[in-house]
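In what follows, every chain begins at residue 1, and chains take the letters A, B, ... in the order their sequences are listed. The structure displayed is predicted, hence computed values, not measured ones.
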There are 2 protein chains.
Amino acid sequence: MDVSCCLPLAERRVPAEAAAVLAPAFKALGDPVRLQLLSMIASAESGEICVCDLTPAFDLTGPTISHHLRTLREAGLVDAERRGTWVYYRARTGILRQLAALLTVAPAT
Amino acid sequence: MDVSCCLPLAERRVPAEAAAVLAPAFKALGDPVRLQLLSMIASAESGEICVCDLTPAFDLTGPTISHHLRTLREAGLVDAERRGTWVYYRARTGILRQLAALLTVAPAT
DNA sequence: GGACTGTCTCGACGTCTGTCGAATCAGACA
DNA sequence: TGTCTGATTCGACAGACGTCGAGACAGTCC
């Protein structure tokens with residue numbers, strides 16, 4: 001997602017092609033578990049966090065967390081890296097900034 | 001959605017309750033048609049736009065557009081008002097600002 | 001009132017999604 | 001090599017979603 005986009009949504013109509021690219025990212029954010037996962041990843045002290053720290057934070061099985069992480073990965077919101085036994089996730093801040101920019105509205109006039 | 005929330009997602013872990021409230025808004029944005037609809041509404045010259053201007057802009061039936069508009073309404077992203085024969089939609093900028101704030105990431109250090 | 005137009009609701013359909021348990025893969029370490 | 005642990009993939013299932021056609025509702029105008 002090296003989006004061409006990113007004029008604020010309220011500035012002009014977002015073209016169909018841009019919408020097709022951007023919607024999946026919002027869709028990935030559209031689940032409470034994934035929103036929390038992303039938040040835990042993005043707010044991690046060292047910039048990254050181990051799956052082994054994410055899984056026990058939810059009342060869900062490992063496979064389910066893994067599934068949500070894959071969704072975030074495929075939406076381009078996070079990156080994963082295996083180091084030895086553990087897998088670390090890190091947020092892709094570029095995309096987050098783009099999404100934020102898209103939602104930005106001019107202050108009330 | 002009079003969200004208590006809205007510390008940036010990367011600042012601290014968003015609590016489960018906040019996630020439950022915010023996720024539906026992102027979910028509503030997670031469809032290309034709704035993203036374009038919202039964009040058309042938010043970028044309308046007069047601040048509002050008639051359904052009769054929205055429907056023909058897509059290759060979808062009236063009921064389908066109506067369904068998407070309802071989804072946006074129920075997510076708190078837009079307001080609808082009937083005036084005579086026509087129904088006008090208008091964006092709720094407060095929520096958009098909150099969502100943008102949530103996604104805001106500190107500039108690279 | 002009756003006919004017409006614009007919008008929404010209802011019911012149905014195929015598809016996608018969130019969840020799980022079982023099985024599999026990847027490394028570490030005897 | 002064999003075994004153990006952490007993470008992912010696979011297969012299945014119930015429920016949600018996007019779409020449509022048909023019908024209902026709200027206003028306007030004759």
Distance (rounded to the nearest 0.5 Å) between B:Leu54 CG and B:Leu38 CG: 10.5 Å

Residue-phosphate contact under 4.0 Å: [X] side-chain N/O, [N] OP1/OP2:
{"X": "A:Arg70", "N": "D:dA7", "value": "no"}
{"X": "B:Tyr89", "N": "C:dC8", "value": "yes"}
{"X": "A:His68", "N": "C:dT19", "value": "yes"}
{"X": "A:Arg82", "N": "C:dG27", "value": "no"}
{"X": "B:Thr64", "N": "D:dC20", "value": "yes"}

Take the protein atom [atom1] of [X] and the nucleotide atom [atom2] of [N], then report the distance between them rounded to whole Å.
{"X": "B:Leu69", "N": "C:dT7", "atom1": "CG", "atom2": "P", "value": "10 Å"}
{"X": "B:Asp31", "N": "C:dT15", "atom1": "CG", "atom2": "P", "value": "18 Å"}
{"X": "A:Leu35", "N": "C:dG18", "atom1": "CG", "atom2": "P", "value": "13 Å"}
{"X": "B:Leu72", "N": "D:dG18", "atom1": "CG", "atom2": "C1'", "value": "14 Å"}
{"X": "A:Trp86", "N": "C:dA28", "atom1": "CH2", "atom2": "C1'", "value": "9 Å"}
{"X": "A:Glu74", "N": "C:dG18", "atom1": "CD", "atom2": "P", "value": "12 Å"}
{"X": "A:Tyr88", "N": "C:dG27", "atom1": "OH", "atom2": "C1'", "value": "13 Å"}
{"X": "B:Asp59", "N": "D:dC20", "atom1": "CG", "atom2": "P", "value": "8 Å"}

Touch class at under 4.0 angstrom, heavy-atom based, for B:Gly62 against every strand present: nothing

Touch class at under 4.0 angstrom, heavy-atom based, for A:Arg83 against every strand present: nothing

Between [options], which one does the side chain of [X] approach most closely?
{"X": "A:Lys27", "options": "C:dT19, C:dT17, D:dT8", "answer": "C:dT17"}
{"X": "B:Cys50", "options": "D:dA7, C:dT7, C:dT9", "answer": "C:dT7"}
{"X": "A:His67", "options": "D:dC20, C:dT19, D:dG18", "answer": "C:dT19"}
{"X": "A:Val33", "options": "C:dT19, D:dT8, D:dC20", "answer": "C:dT19"}

A:Arg13 to B:Phe58, cation-pi by 6.0 Å centre distance and 45° axis angle: yes

Residue whose closest nucleotide on DNA chain C lies nearer the 5' end, B:Thr85 versus A:Leu60: B:Thr85

Close side-chain approach of A:Thr64 to A:His68, heavy-atom, < 4.5 Å: yes

Side-chain heavy-atom pair A:Asp31, A:Thr71 within 4.5 angstrom cut-off: no

Under 3.5 Å donor-acceptor, B:Arg82 side chain and B:Gly84 backbone: yes

